[in-house]
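Right, one structure below, let's go through it.
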Amino acid sequence: MIPSLMKFGNVYLSLNKDQSKIIGDFEIDNSDKIPLIVSNLKVSSINLDDYYISSNSNSYLSSGTLLTKLLWLNDIGLKNKVNIFFENVVYQNKKYRDQSFKATVSRGYVNIDEFSLKNDEFDFKSSLKIDISNESPLFELKIDSPYFYHKTPAPAPIKDEKGNLVQISTFRPKTIFERFFSLPSFEGFKGNVILNFKDLEVDDFVASNLTFGGAINNGEISNAQFEADMYDGHLSCKGLLSLKGSKVINGNITLSNANVEWLLSDIINCEEIDGVTNITANLNSVGTSKKEFLGNLRGVVNFGVSAPKVDSYGINSLISKMIAPVKYAQELKDPEKILFNEDDHSLFKAVNGSIDFDGDKGSKISAKVAGTAINSVLSGKIDPANNSGDLNYNSIFLVGTKQKPVPINISTNLKGDFSSMAHSTNLDQVKQYLGLMKVPPKPKVAEEVPDDTKKETEANSADNADPAVQQISQKRINDIVKKSYRDWE
């Protein structure tokens, strides 16, 4: 005969080599068909860094199928209600005193009513419900956090038996984008996800007033909505988000009044361009990794940048010196040194353009750059999966006098990784104007040839031109020169 009620007091457990000491009481109620265990526990200390996102041992937040990882819940034969009080919670090497939470666990079911961490610098609250006891598994997560931060600790350096350093760590924490692809598959689950962060910092990811929400149906959120203050601007995303084995994003993105330097530094590791940008985009892609996702990216991004600034590029200085060639004769003996000067920068009025992503067929960028008495065109191919591009940057500016302005064209080819692109520049017209290079004689007038032959010859000439030295078309020169005249006036 089993008693209907049993109580156990002063139960003691020691975990993690006495790092966590647990004392409390248990109550077992057998009056119902399924026995109920009620636990009231006090934990001396627990280190959350051993179990959190950055921990390699946290299999629930790594790749795989979440439903499979949780099947052990169906083996629980008892209903459990747990009330836990933590004297000390260690997180990011800081202690949080007197924290508590309540949870209910039974066959196929777990419900954490509220888990919170709070001190003067940190405030995190969350609730979680998982139910896999029926044919439609349920997953519901809510996080409401005024202040949350997480810094992934670097692994300890590797040393030999004598304590000498053997290997220097090249550790780099995962980006938010990489963490997204590390999430498990939520296939089979329905439910809701609601996230609210007033101030959020996870390694290099910083955002304020972040909200995310949507209803899950078989691992997909068809109406996902994301809002956040980021890059000194505001980001808004709406559309489909699939959290299965392959991650899918399909929707509209708007970024307003954002800092260009912060944005490009985070996305393509480029820190030489600054300004304020507004971006609208419609994008879709699928992938199991960041690289695969970027390689499959399709859609259009339209962007505008006001008051752009480019570091280590001195075209403003080159123009001002070419307007007074006698005064700067010594420096102008090497115009390329002026143009690519690490201690200089150039300012422009605005940039407007677009990027067309077309998956494995290739992606293209086209933009117009406007400045005072200078106008430019940027075009070429980009490879988002490999963070690289093959771009041509053509500039037209005026030198000489207002009575007799002289248009000058500079053509630059940029190629390679965006963080360290190699460049080759055609400065022939600059050198000819400065007398550093002879002006080639005008070609002799050839006999008139049939129109079809002429078109074919011109097409072959354009196809075989070296993009590193290819000059901008005469029609485009004329259009830009007309605009530059207006700038002079």
For Ser411 and Asn394, test the side chains for any donor-to-acceptor distance below 3.5 angstrom and give the result as yes or no.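 There is such a pair (donor and acceptor under 3.5 Å, judged by atom type) between the side chains of Ser411 and Asn394.
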Classify the side-chain pair Ser208/Asp199 by whether it contains a donor and acceptor separated by less than 3.5 Å.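 Yes, a side-chain donor-acceptor pair sits under 3.5 Å.
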Inter-residue atom distance [X].[atom1] - [Y].[atom2], 0.5 Å rounding:
X: Phe86; Y: Ile22; atom1: CZ; atom2: CD1; value: 8.0 Å
X: Leu138; Y: Lys190; atom1: CG; atom2: NZ; value: 6.5 Å
X: Lys368; Y: Asn352; atom1: NZ; atom2: CG; value: 9.0 Å
X: Lys337; Y: Leu318; atom1: NZ; atom2: CG; value: 14.0 Å

Can you pull out every ring-ring contact (aromatic ring centres under 6.0 Å, His included) where at least one residue sits in residues 280-306? Sequence neighbours excluded, please.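 Every ring-ring contact (aromatic ring centres under 6.0 Å, His included) pair that includes a residue of residues 280-306, provided the two are not neighbours, is Phe177-Phe293, Phe181-Phe293.
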Audit row: Leu263, Ile279, side-chain contact (heavy atoms from CB on, under 4.5 Å) steps and yes/no: CA-CA 11 Å; Leu263 176 66; Ile279 297 173; 3.8 Å; yes
Any [X] side-chain heavy atom under 4.5 Å of [Y] side chain:
X: Asn196; Y: Ile143; result: no
X: Leu427; Y: Glu336; result: yes
X: Glu227; Y: Asn209; result: no

Identify every side-chain donor-acceptor pair in residues 200-207 under 3.5 Å, counting partners at least two apart or on other chains, and give the distances.
from   : atom 1 : to     : atom 2 : distance (Å)
Glu201 : OE2    : Lys151 : NZ     : 3.1
Asp203 : OD1    : Thr152 : N      : 2.7
Asp203 : OD1    : Thr152 : OG1    : 3.4
Asp203 : OD2    : Thr152 : OG1    : 2.8
Asp203 : OD2    : Arg179 : NH2    : 2.9

Check the orientation of Phe340 and His423. Use parallel for under 30°, tilted for 30 to 60°, and perpendicular for over 60°.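 Ring orientation, 0 to 90° scale: parallel.
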Mind telling me whether Phe124 and Phe148 have parallel, tilted or perpendicular rings, with 30° and 60° as the class edges?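 Correct class here is tilted.
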Determine which pairs satisfy salt bridge (charged side-chain N to carboxylate O under 4.0 Å, His left out) with at least one residue from residues 231-259, sequence neighbours left out, and list them in order. Glu220-Lys244
Report the C-alpha separation of Ile382 and Phe418 in whole Å, then their side-chain angles, then the decisive distance to 0.1 Å, and conclude whether the side-chain contact (heavy atoms from CB on, under 4.5 Å) test is met. CA-CA 9 Å; Ile382 62 174; Phe418 288 125; 3.8 Å; yes
Side-chain (Ser185) to main-chain (Glu187) donor-acceptor, under 3.5 angstrom: yes
Do side-chain atoms of Thr277 reach the backbone of Gly304 as a donor and acceptor pair under 3.5 angstrom?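 Answer holds: yes.
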Listed by chain and number, what are the side chain to side chain contact (heavy atoms under 4.5 Å, CB included) partners of Asn269, not counting sequence neighbours?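 Counting only residues at least two positions away or on another chain, Asn269 forms a side chain to side chain contact (heavy atoms under 4.5 Å, CB included) with Ser419.
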Below 6.0 angstrom between ring centroids: does that apply to His345 and Tyr313? no
Inspect the contact between Arg298 and Asp360 and indicate whether a charged nitrogen and a carboxylate oxygen are less than 4.0 angstrom apart. yes
Does Asp75 have any salt bridge (Lys or Arg N to Asp or Glu O under 4.0 Å) partners at least two apart in sequence or in another chain, and if so, which?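 Partners of Asp75 by the salt bridge (Lys or Arg N to Asp or Glu O under 4.0 Å) criterion come out as none, since no residue qualifies.
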Side chain to side chain donor-acceptor pair (under 3.5 Å) involving Lys415 - partner list, sequence neighbours excluded: none
